[in-house]
Number of protein chains: 2
Amino acid sequence: MTKMNKERSLSKNQQIILDLIDKSSEPLKAYTILFNVQKKGIKAPPQVYRALDKLVEIGKIHKIESRNAFVACKNSNCEISKATAFSICESCEEVDEVSDTKLSKFLSKFNDKKGMTFKRFNLEFFGLCKRCKIK
Amino acid sequence: MTKMNKERSLSKNQQIILDLIDKSSEPLKAYTILFNVQKKGIKAPPQVYRALDKLVEIGKIHKIESRNAFVACKNSNCEISKATAFSICESCEEVDEVSDTKLSKFLSKFNDKKGMTFKRFNLEFFGLCKRCKIK
DNA sequence: CTCTAAAACGTTATATTATTACATACTGTT
DNA sequence: AACAGTATGTAATAATATAACGTTTTAGAG
């Protein structure tokens, strides 16, 4: 039996950029990433966008569409970039990945009336986080 | 009893841009809109973006975040721009507003574990529409 | 009607986000 | 070694969005 290595190894640029996003407590924008990895030899936007595209594709990171920013996947190396949900505080811009079994089951089962077949969804909740409500 | 006119009247630019989006069968991008209303005297991006912002705010249109494009609200002048859901065909890029009572109830009731208060959500489903599945 | 504040407008410039295009190099099979 | 697929580096440019002004219009209060 051949060793099916599910764990794809990342390229140099992919790893550098994933490391940065992983360490960050907040979503990072492409150009913020660029500025932060220039010392590591990544000098131009396409290098960043290519790595980001790949990382999104393999589920290591997610794009927060409403913010054009990227976060690391917290769901133990998420195979399910097919089913993403985030909570976004409109005051402090804190973003968290929502992981709720009921929610993802409900949405994954959801069927369109017009006969579309869904492969994937992305859900973004907006509101105020605990801390910002108090202020 | 004073007449509470819920029906806000749109400004000239807002009306021009809403008309265009309304007539369109597909989501329109800001610069596509700009090019199409230049003959009507709207010449610069800020004019378009201002009108779009307002129209989104009052629920006449919605932004498809993953596409940076705008569609008219089909839910009878949607007060509920608080709860939007769309289906997006990844092949032909057709976009439809999903209106499903169960879905919107479920999501509107959804409560965050971390104590966030949600005011609004946006959900985008991706897949293949009926027609594109056949091809 | 007149005054006022809010909203909308027009304009120029610029910031931010993302892609095209092309030449080169690396990686892992056969 | 040869090939295919993936990744790289680089320059240029496209596409999306906002800042910052000053002016004009609109709707309501008095």
Side-chain angles (χ1 to χ4, degrees), chain A residues 2-21 24 26-71 90 93 95, chain B residues 1-21 24 26-71 93 95:
Chain A
T2 53
K3 189 175 174 190
M4 277 295 249
N5 201 352
K6 283 215 79 170
E7 209 59 23
R8 111 198 300 296
S9 67
L10 300 177
S11 76
K12 181 168 69 68
N13 290 357
Q14 288 160 14
Q15 192 63 61
I16 290 169
I17 287 176
L18 176 58
D19 285 347
L20 183 69
I21 297 175
S24 173
E26 53 184 17
L28 294 180
K29 301 193 153 226
Y31 277 75
T32 304
I33 293 169
L34 177 56
F35 296 142
N36 279 285
V37 295
Q38 280 180 329
K39 43 198 155 195
K40 305 223 170 180
I42 296 177
K43 289 176 189 152
Q47 296 175 288
V48 173
Y49 282 101
R50 283 192 293 233
L52 289 173
D53 285 349
K54 204 65 186 180
L55 292 168
V56 165
E57 189 187 316
I58 63 181
K60 293 287 187 186
I61 65 173
H62 303 303
K63 181 172 188 179
I64 310 299
E65 292 288 356
S66 64
R67 300 296 184 262
N68 300 315
F70 300 84
V71 294
E90 287 178 313
E93 292 292 323
V95 171
Chain B
M1 200 170 165
T2 54
K3 190 175 173 189
M4 278 295 248
N5 200 353
K6 282 215 79 168
E7 208 58 26
R8 115 199 296 295
S9 67
L10 300 176
S11 76
K12 180 166 71 69
N13 288 0
Q14 288 162 14
Q15 191 63 61
I16 289 169
I17 286 175
L18 176 56
D19 285 347
L20 183 69
I21 297 175
S24 173
E26 54 184 17
L28 293 180
K29 303 194 151 224
Y31 276 75
T32 305
I33 292 169
L34 178 56
F35 297 142
N36 278 286
V37 294
Q38 280 181 329
K39 42 197 156 193
K40 306 223 171 181
I42 297 176
K43 290 174 190 154
Q47 298 176 285
V48 172
Y49 282 101
R50 283 192 294 232
L52 289 172
D53 285 350
K54 203 64 185 182
L55 291 168
V56 166
E57 189 187 317
I58 64 180
K60 293 287 187 186
I61 65 173
H62 304 303
K63 181 171 189 180
I64 310 299
E65 292 288 357
S66 65
R67 298 297 184 262
N68 301 316
F70 299 84
V71 294
E93 291 294 321
V95 171

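A, B, ... follow the sequence lines: proteins, then strands. Residue 1 opens every chain. Note that this is a predicted model, so its numbers are computed, not measured.
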Under-4.0 Å side-chain N/O to phosphate OP1/OP2 contact, B:Lys12 with C:dG10: yes

Straight-line distance of B:Phe70 CZ to B:Leu18 CG, nearest 0.5 Å: 13.0 Å

Nearest-nucleotide 5' precedence on DNA chain D, A:Ala44 against B:Phe70: A:Ala44

Atom-to-atom span, CG of A:Asp53 to P of C:dA18 - whole angstrom: 10 Å

Nearest-0.5 Å distance, CD of residue A:Gln47 to CD1 of residue A:Ile16: 9.5 Å

Nucleotide nearest B:Asn68 (side chain, heavy atoms from C-beta), chosen from D:dA17, D:dG9, C:dT11: D:dA17

Sugar-phosphate only, base, or nothing, as touched by A:Lys40 at under 4.0 Å among non-hydrogen atoms: nothing

Distance in Å, A:Ile17 CD1 paired with A:Ile61 CD1, rounded so as to fall on 0.5 Å steps: 8.5 Å

hbond_proxy A:Tyr31 side chain to C:dA18 base (donor-acceptor, 3.5 Å cutoff): yes

Earlier contact from the 5' end, DNA chain C, for B:Ala51 and A:Arg67: B:Ala51

Length of the CD1-P vector between B:Ile17 and D:dA17, whole Å: 13 Å

Between P of D:dT16 and CZ of B:Phe35, the distance in whole Å: 9 Å

A:Lys29 side chain, from C-beta outward: closest of C:dT17, C:dT19, D:dA20: C:dT17

Rounded interatomic separation in angstrom, taking CG from A:Leu10 and C1' from D:dT6: 13 Å

Least distance between heavy atoms, B:Lys43 atom then B:Gln38 atom: O-NE2, 3.7 Å

Candidate nucleotides D:dA7, C:dC9, C:dA21, ranked by approach to the side chain of B:Arg50 - the nearest: C:dC9

Interatomic distance where CD belongs to B:Gln15 and P belongs to D:dT26 [whole Å]: 14 Å

Candidates D:dG9, D:dA11, D:dA27 - which lies nearest the side chain of A:Pro46: D:dA11

Inter-residue atom distance A:Leu34.CG - A:Tyr49.OH, 0.5 Å rounding: 9.0 Å

Contact under 4.0 Å: A:Gln47 side-chain N or O vs D:dA7 OP1/OP2: no

Below 4.0 Å: OP1/OP2 of C:dC9 and any side-chain N or O of B:Asn13: yes

Whole-Å gap separating P (C:dC9) and CG (B:Leu34): 14 Å

Length of the line joining A:Tyr49:OH and D:dA15:P, which is rounded to integer Å: 15 Å

Proximal nucleotide (of D:dA17, C:dA18, D:dA27) relative to the A:Ala30 side chain: C:dA18

Spacing between B:Leu52 atom CG and D:dA17 atom P, to the nearest angstrom: 9 Å

Residue whose closest nucleotide on DNA chain C lies nearer the 5' end, B:Ser11 versus B:Pro45: B:Ser11

NZ-CD1 distance between B:Lys60 and B:Ile21, expressed to the nearest 0.5 angstrom: 12.5 Å

